[in-house]
Amino acid sequence: MSSSLRFDRGHTDDLMAFLMASPSPYHAVATAAERLEKAGFRQVEETAAWDGTSGGKYVLRGGAIVAWYVPEGAAAHTPYRIVGAHTDSPNLRVKPLPDTGAYGWRQIAVEIYGGTLLNTWLDRDLGLAGRISLRDGTHRLVNIDRPLLRVPQLAVHLDRSANPDGLKLDRQKHMQPIWGLGDVEEGDLIRFVAEEAGVDAEDVTGWDLMPHPVEPPAYLGRDRELLAGPRMDNLLSVHSATAALAAVAGQPDTELPYIPVMAAFDHEENGSQSDTGADGPLLGTVLERSVFARGGTYEDRARAFAGTVCLSSDTGHAIHPNYAERHDPTHHPVVNGGPILKVNVNMRYATDGSGRAVFAAACQKADVPWQTFVSNNSMPCGTTIGPITAARHGIQTVDIGVAILSMHSARELCGADDPYLLANAMTAFLAG
C-alpha cells in the first residue's frame with residue numbers, strides 16, 4: 001500500500017482514547033460496554049432468566065464481555081458471526097501481600113503476568129489500575145493514572161557487561177517497583193488504593209491490581225503514519241470489534257442473515273484457562289442461551305453452531321527491518337498493508353483454506369487489502385484464542401489480526417491506518 005494513501009484517522013484517534021480508558025481488562029470491558037450502551041445494547045445478567053426479544057445485549061464477567069445483536073424475527077437456528085479477541089496484556093500484577101522494600105525504599109511486590117518483555121518496564125512512569133473487591137461482594141474499578149511507581153534500572157557503572165553482553169533481569173529480584181521512601185508498612189498500598197477509590201480500607205477484601213505506563217499513545221514518524229501505545233495486543237482488536245458490532249447493529253435487520261457477536265476474553269496471555277478465558281464455557285453458554293431464549297431446541301442449537309464462523313483477531317508480527325532473518329522469507333507483512341491472515345498447518349492458528357475464503361470475501365466486500373502471516377519454520381509459532389474456540393465449540397474459526405512491532409512490550413507499534421482497515425473488514429464479516 002502506498003505510504004501516501006491515507007484514511008480517516010477518526011477511528012485511530014478513538015482507539016487512542018480507548019487505550020487510555022482501559023489500563024486493565026476490567027476497564028476494557030467497562031469501556032466497551034459503555035460504547036455498546038450508546039449504540040442501544042443493554043446488559044443482561046447471567047443469573048436472570050433471558051427472553052427472546054430482539055436487539056443488542058451483552059454479558060459482563062470479570063475481564064470478559066460477550067455482546068450480540070438479534071435481528072427482528074431471527075429464527076432459533078440462525079447462525080452466528082463472531083469476532084473474538086482478548087482483553088489482557090502481558091504486564092506486572094500486584095501480589096497478595098504487596099508491601100515490601102529495603103534500605104529505606106518502599107516497594108510493591110509484583111508477579112510477572114504472561115510473556116512480557118521485562119526490559120520495556122524499566123525506568124517508566126507507572127500508574128496503578130484494576131479492581132478491588134469489597135466486603136459486600138461488589139467490585140470497584142480503580143485507575144490511578146499518574147506517575148506512582150517505577151522499576152529502576154541498574155546504572156551501567158555498576159553493570160559494565162549490560163551493553164556488550166545484554167541486560168539480564170531476574171524476574172523476582174529486579175522487577176519490584178519503588179513507590180516511596182521510608183519503612184515498609186503492612187497494608188499501606190491497599191489503604192492508599194482504598195482512599196483513591198473513595199472506600200474504607202477495612203471494606204477491601206480482595207484486589208486485582210496492575211501497574212500501567214501513564215505515557216499516552218501517540219502518532220509517530222515524519223508523516224504520522226505510525227501509532228505507538230500500550231496494550232495494543234490486544235485492545236486494538238477489542239476496540240475494532242466493538243466498533244464493528246455497533247455499526248452492524250445500526251443496519252436494517254432485514255440485511256442481517258446472521259446474528260453478529262463480539263466476544264472479548266481475559267487470560268489469553270497465560271493459556272485462556274479460566275471462567276473468563278476462551279477455554280472456559282462463557283461463549284458457548286451465551287450462544288446456547290440465546291438459542292433457547294428464542295424458543296429453540298438442541299437441534300436448533302446444533303444447526304446454528306454448524307453454520308457459525310468466528311474471526312479470532314489478535315496482533316501479529318510485522319516484518320522487522322533489523323531482524324528480517326527471524327521471519328519467513330516469503331511472507332513479509334507490512335504495517336498499513338491491511339489486516340493479516342494467520343496460517344499454521346499445525347493448528348497453532350485455526351485458519352484453513354475454507355476460512356481463508358471467508359476472510360477474503362469480507363475484505364473484498366469492504367474494499368480492504370489484506371496480507372498473510374506464516375512463521376519461519378525454524379521458529380516456534382505463537383497461538384491465540386482461535387484453536388481453542390474452534391475445538392471447544394466446534395465452530396469454524398479463522399485467525400486474523402494487525403501486524404505490529406514490539407509485541408509484548410510495554411509500548412507497541414502499529415500502522416496508523418491498520419486499525420481502521422481491521423474494523424471495516426470485521427464490519428463486512430459480521431454483516432454477512
Residues [X], [Y]: salt bridge by 4.0 Å N-O rule:
X      : Y      : value
Arg35  : Asp14  : yes
Arg301 : Glu288 : yes
Asp51  : Arg42  : yes

Nearest heavy atoms of [X] and [Y], plus distance in Å:
X      : Y      : value
Leu15  : Leu235 : CD1-O, 4.3 Å
Met20  : Pro216 : SD-CA, 3.6 Å
Ile388 : Gly271 : CD1-O, 4.1 Å
Asp88  : Glu269 : OD2-N, 2.9 Å

Taking the side chain from Asp399 and the backbone from Ala350, do they hold a donor-acceptor pair closer than 3.5 Å?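 Answer holds: yes.
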For the pair Tyr349 and Phe373, name the ring-plane relationship: parallel under 30°, tilted 30 to 60°, perpendicular over 60°.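 Tyr349 vs Phe373 ring planes: perpendicular.
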Between Arg146 and Asp125, does the salt bridge (charged side-chain N to carboxylate O under 4.0 Å, His left out) criterion hold? Intermediate values first, please. CA-CA 8 Å; Arg146 65 179 186 271; Asp125 296 335; over 6 Å; no
Any side-chain donor-acceptor pair under 3.5 Å between Asn143 and His27?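 No, His27 and Asn143 have no side-chain donor paired with an acceptor closer than 3.5 Å.
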Qualifying residue for side chain to side chain donor-acceptor pair (under 3.5 Å) with His408, from Thr116, Asp233, Thr315: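 Only one option passes, and that is Asp233.
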Quick check on side chain to side chain contact (heavy atoms under 4.5 Å, CB included): which of Ser312, Ser313, Ser272 does Thr384 satisfy it with?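 Answer after filtering Ser312, Ser313, Ser272: Ser312.
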My understanding is that only one of Tyr58, Trp50, Tyr258 makes a ring pair (Phe, Tyr, Trp, His ring centres under 6.0 Å) with Trp68; could you say which?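 Answer after filtering Tyr58, Trp50, Tyr258: Trp50.
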Name all residues meeting the salt bridge (Lys or Arg N to Asp or Glu O under 4.0 Å) criterion together with Arg326; count only those two or more places apart in sequence or in a different chain, and write none if there are none.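 Result, salt bridge (Lys or Arg N to Asp or Glu O under 4.0 Å) vs Arg326: none returned.
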